[in-house]
Number of protein chains: 2
Amino acid sequence: MDSDLIEKRRSQILAASMDAFAEKGYHDTKISDIAERLGIGHGTFYRYFKNKLDIFFAVVDGFLAQIKVVVEEEAPQFSDSVESYRSQIRRIGGRMLRLFMADTRMARIIFFQALGVDPALDARLFSIKTLADSMVEAYLANGIVKGFLRPDLDTAVLSRAINAMTLGAAFDILFAANPSETGNRWIEAVSLLMLSGMAKP
Amino acid sequence: MDSDLIEKRRSQILAASMDAFAEKGYHDTKISDIAERLGIGHGTFYRYFKNKLDIFFAVVDGFLAQIKVVVEEEAPQFSDSVESYRSQIRRIGGRMLRLFMADTRMARIIFFQALGVDPALDARLFSIKTLADSMVEAYLANGIVKGFLRPDLDTAVLSRAINAMTLGAAFDILFAANPSETGNRWIEAVSLLMLSGMAKP
DNA sequence: GGATGTGGAATGACGAGTCATTCTATTTTT
DNA sequence: AAAAATAGAATGACTCGTCATTCCACATCC
């Protein structure tokens, strides 16, 4: 009845599931593992979630929604110069990486488990990727229009390349001794690469 | 006795497994699926492979070995100028992408299935990544020494970033209408990005 | 004391791996 | 060269363990 309590239970189960999935992976996690972590019977689980896929979906989808928010919130702010673009890169990159740093479990699940469990989930991941790609591409197009980026850039490919680096950074951070320092190094190195390239001027 | 025939059977099973794994994924592929594709009894499978993990390992490891060869073969050739470095990027990138283009099934398996099946396999993937990272880093270090790359580059991070883009390219190619054209676009866009950056000069 | 929530035993589906048996091809015997 | 013997390759019914899911007896709360 008390929908507050129901919500509370649901999020307890969600949290325990995150631990379990991050630790042992989707297929090796039993419903009873999740229940055991909470000290509840595993039948109880089914009062709160339809089935195993349901909860995995909930776990992953919650995180994807957060990513989507970051991607979309940054969308409308276009810059006018290389300098403001650079600080934009830093800010968006920073937000994205902080998202991954905030919950190592989620990052682990996304990188190691999410793909290939269920077609619908794959599609979800894919659509976020596509969204991120087109957002980055819009930024590049803006830079070309405003005249501070080269006019001949292959924006479709470069936007994907940039997001690939973001993913690479998030992955790297997972194993870094000092995540936030590592994150900053990535942001600096990538923004330099993006704007100036590596060749000696 | 005839070890030729045994080898032949093994590779038939290997090929059928690749199809199956690429199509349905590791967990959803039954040994009987593989056998069915070949029109053999599933008991026969066990004459040629120890178990399910054994064949998955064989499939993935074969491909990883190919990647390793590409990575290692390119290692010793250091360039002296931006121009020769650029053509080096093109050549190595091209070889790598052709590897992924050559067998879409393998690329699918690597991206969607390989991770999280077995710790030993994860470790294998990881070690290839590390190898690739240090190879790219050696190239960057060479460029700095030779004086055609900026001396202040964060080579550790940038080498990872570059490999992340390579992976991004390979992934993109998987879904491209025209893979080889897409591959070339990636190579051009990334080599431009790497050397000159995107900012208008 | 009824309604609602909970635990964990019971169920059933599923699939990996085994093994006794059959089949086939090659070799040996007559 | 036909018949018999042998090796070893192929088969698939069967076993066995593993979970996801269901069900119901019991507890807890109003």
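The figures that follow rest on heavy atoms only: side chains count, while hydrogens, waters and symmetry mates do not. Convention: sequence-line order gives letters A, B, ...; per-chain numbering from 1.
- A salt bridge is absent between A:R185 and A:E188; no separation between the charged side-chain nitrogens and carboxylate oxygens falls under 4.0 Å.
- Residue A:F45 contributes atom CZ, which lies 16 Å from atom C1' of C:dG8 at whole-angstrom precision.
- Spacing between atom CZ of B:F49 and atom C1' of C:dT18 amounts to 19 Å, rounded to whole angstrom units.
- Taking atom CG of B:D28 as the reference point, atom C1' of C:dC14 lies 12 Å away to the nearest angstrom.
- The backbone N or O of A:S84 lies less than 3.5 Å from a partner atom in the side chain of A:S81, making a donor-acceptor pair.
- No hydrogens or angles were tested; on distance alone, a donor-acceptor pair under 3.5 Å links the side chain of A:H42 to the base of D:dT21.
- For the pair B:T44 and D:dT11, the criterion of a side-chain N or O lying under 4.0 Å from OP1 or OP2 is met.
- Across the protein-nucleic acid pair, B:H27 atom NE2 and D:dC19 atom P stand 12 Å apart, rounded to whole Å.
- Rounded to whole Å, atom P of C:dA25 lies 12 Å from atom CZ of B:R9.
- Contacts of B:Y48 with the nucleic acid, taken as non-hydrogen atoms under 4.0 Å apart, involve only primed sugar atoms and P, OP1 or OP2.
- Using the six-membered ring where Trp is involved, A:F171 and B:F126 have ring planes that are tilted, between 30° and 60° apart.
- Heavy atoms of A:R47 sit under 4.0 angstrom from at least one base atom.
- A cation-pi arrangement is not found for A:K52 relative to A:F57, the charged atom failing to lie both closer than 6.0 Å to the ring centre and inside a 45° cone about the ring normal.
- Between the P atom of C:dG15 and the CD1 atom of B:I34 lies a distance of 13 Å, rounded to the nearest Å.
- Rounded to an integer number of Å, the gap from OH of B:Y46 to P of C:dA16 is 6 Å.
- Note: CG (A:N51) to P (C:dG12) measures 20 Å, nearest angstrom.
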